[in-house]
Amino acid sequence: MTDSGTKTEVWPLIFAERAALADDLAELTEERWETASLCAGLTVREVLAHLTSGASLTPLRWMAGVIRCRWDFDKQVAMRLAEQLGDDGAETLERFRRVVTSTTKPPLPKIAMLGEAIVHAEDIRRPLGLHRDYPIPVLTALARYYGGSDLVVTAKGRIGGLRLQATDGPFATGSGPLVSGTTLALIMAMTGRTAYLAELDGDGVPSLRERVPAQT
């Protein structure tokens, strides 16, 4: 589960997560598409459009957008999201289905794209009351990536001075006050999702809570 080998190592996992999310959303009503996601200010439909955008951007198109937006990365994300939103939830979902097996990506490692697929899927599933049993080896690899990187989101920096320990798998990292919980809850907390903090235990949770911005 590294990014150094052939593209068959990580891409099938990404494809599986995208396909599972698309299936989960197949019967969503238009009203539920407007549910607030765990991404502040975005509906679940908008988060799905963001995932479609990420699977549609080559490095060249990504850079062109960054330049067009004058290096305002948030503006670039919003612009590309709008391109994939469609007229309604059904069209947004159809656009996402078209990229389920896409290997197009911005200049990011493949494991980061897997992270996007899982973290944003939870941003969508959790508010909708949907559940997925993610494979623990996949979550473990992703937790190790986030625990050692601030490339896409500040994750490594957020858990500095804390010891994280999964209760459902082998993931463990760091030293200091303990933060324990499921591998998924640890990933979501590392990536700044307050909704998962209540699922964590240990003396380090108050410190981690201070580092996870409240959703507005």
Side-chain angles (χ1 to χ4, degrees), residues 14 17-57 61-62 65-66 68-100 102 104-108 112-132 134 142 146 149-155 158 184-199 209 211-216:
I14 297 171
E17 293 307 327
R18 290 173 179 166
L21 179 60
D23 288 345
D24 279 353
L25 302 178
E27 303 300 325
L28 217 59
T29 64
E30 199 59 39
E31 181 180 8
R32 296 194 77 202
W33 277 114
E34 299 308 311
T35 301
S37 75
L38 296 187
C39 290
L42 297 182
T43 65
V44 297
R45 182 180 163 214
E46 288 170 327
V47 174
L48 191 68
H50 171 66
L51 282 172
T52 305
S53 170
S56 307
L57 283 177
R61 286 194 69 225
W62 178 85
V66 169
R68 178 180 172 184
C69 295
R70 299 186 178 185
W71 298 91
D72 184 331
F73 294 99
D74 289 339
K75 185 177 180 180
Q76 141 100 338
V77 168
M79 178 184 73
R80 296 305 189 190
L81 181 160
E83 292 174 353
Q84 301 295 341
L85 195 56
D87 292 331
D88 55 24
E91 185 175 349
T92 305
L93 180 57
E94 177 57 30
R95 289 176 181 231
F96 179 67
R97 284 194 184 278
R98 293 175 196 163
V99 300
V100 162
S102 170
T104 300
K105 66 180 182 66
L108 296 171
M113 294 299 289
L114 178 62
E116 289 278 291
I118 290 177
V119 172
H120 284 318
E122 282 299 294
D123 288 336
I124 292 170
R125 284 190 175 106
R126 176 101 175 196
L128 292 172
L130 302 174
H131 175 77
R132 173 165 169 75
Y134 300 93
L142 190 57
Y146 281 125
S149 175
D150 287 328
L151 178 61
V152 179
V153 295
T154 301
R158 182 173 282 123
L184 180 62
L186 292 173
I187 288 171
M188 298 302 288
M190 278 193 279
T191 55
R193 274 62 178 180
T194 59
Y196 291 79
L197 291 172
E199 299 178 13
R209 188 180 300 277
R211 304 174 193 181
V212 177
Q215 186 177 12
T216 57

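Nearest heavy-atom pair across Pro127 and Thr35 is CB-CG2, 3.9 Å. Among all heavy-atom pairs drawn from Ala155 and Ser149, the shortest one is CB-O, 3.6 Å. For the pair Ser56 and Val99, the tightest heavy-atom approach, listed with the atom from each and the gap, is OG-CG1, 3.7 Å. Between Arg158 and Gly192, the shortest heavy-atom contact is NH1-N, 3.4 Å. The minimum heavy-atom distance between Ala90 and Glu30, with the atom names listed, is N-OE1, 4.3 Å. Glu116 and Leu51 make their closest contact through O-CD2, 3.5 Å (heavy atoms, listed as atom of the first residue, atom of the second, distance).
Residues that satisfy the salt bridge (charged side-chain N to carboxylate O under 4.0 Å, His left out) test with Glu122, not counting sequence neighbours, are absent from this structure. Under the side-chain contact (heavy atoms from CB on, under 4.5 Å) criterion, Thr154 pairs with Asp150, sequence neighbours left out.
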Output side-chain donor-acceptor pairs under 3.5 Å for residues 20-27, partner residues at least two apart or in another chain, one line each.
residue, atom, partner, partner atom, Å
Asp24, OD2, Arg125, NE, 2.7
Asp24, OD2, Arg125, NH2, 3.0

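Side-chain contact between Leu128 and Arg32 is present, with at least one heavy-atom pair separated by less than 4.5 Å. The side-chain heavy atoms of Arg18 and Ser102, taken from C-beta on, include a pair separated by under 4.5 Å. Taking the side chain as every heavy atom from C-beta outward, Val44 and Ser37 approach each other to under 4.5 Å. Within the 4.5 Å cutoff, no side-chain heavy atoms of Glu83 are placed close to those of Ser53. No side-chain heavy atom of Thr92 sits less than 4.5 Å from a side-chain heavy atom of Gln84. Asp88 places none of its side-chain heavy atoms less than 4.5 Å from the side chain of Trp33. Proximity of Leu142 to Tyr134: side-chain heavy atoms (C-beta onward) are nowhere separated by under 4.5 Å.
Counting only distance, with no hydrogens or angles, the side chain of Thr191 and the backbone of Met188 share a donor-acceptor pair below 3.5 Å. Here the side chain of Glu34 pairs no donor or acceptor atom with the backbone of Thr43 at under 3.5 angstrom.
Remark: Arg126 qualifies as a cation-pi partner of Tyr196 under the 6.0 Å distance and 45° angle criteria applied to the six-membered ring.
Here Arg132 contributes atom CZ and Leu184 contributes atom CG; the two are 11.0 Å apart, rounded to the nearest 0.5 Å. Going from atom CG of Leu42 over to atom CD1 of Ile124 covers 10.0 Å, rounded to the nearest 0.5 Å.
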Note to self: Quick one, Arg193 with Val212, criterion side chain to side chain contact (heavy atoms under 4.5 Å, CB included). Give me CA distance, side-chain angles, the key distance, then yes/no.
What the structure shows: CA-CA 7 Å; Arg193 274 62 178 180; Val212 177; over 6 Å; no

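Donor-acceptor pairing under 3.5 Å is lacking for the side chains of Thr52 and Arg95.
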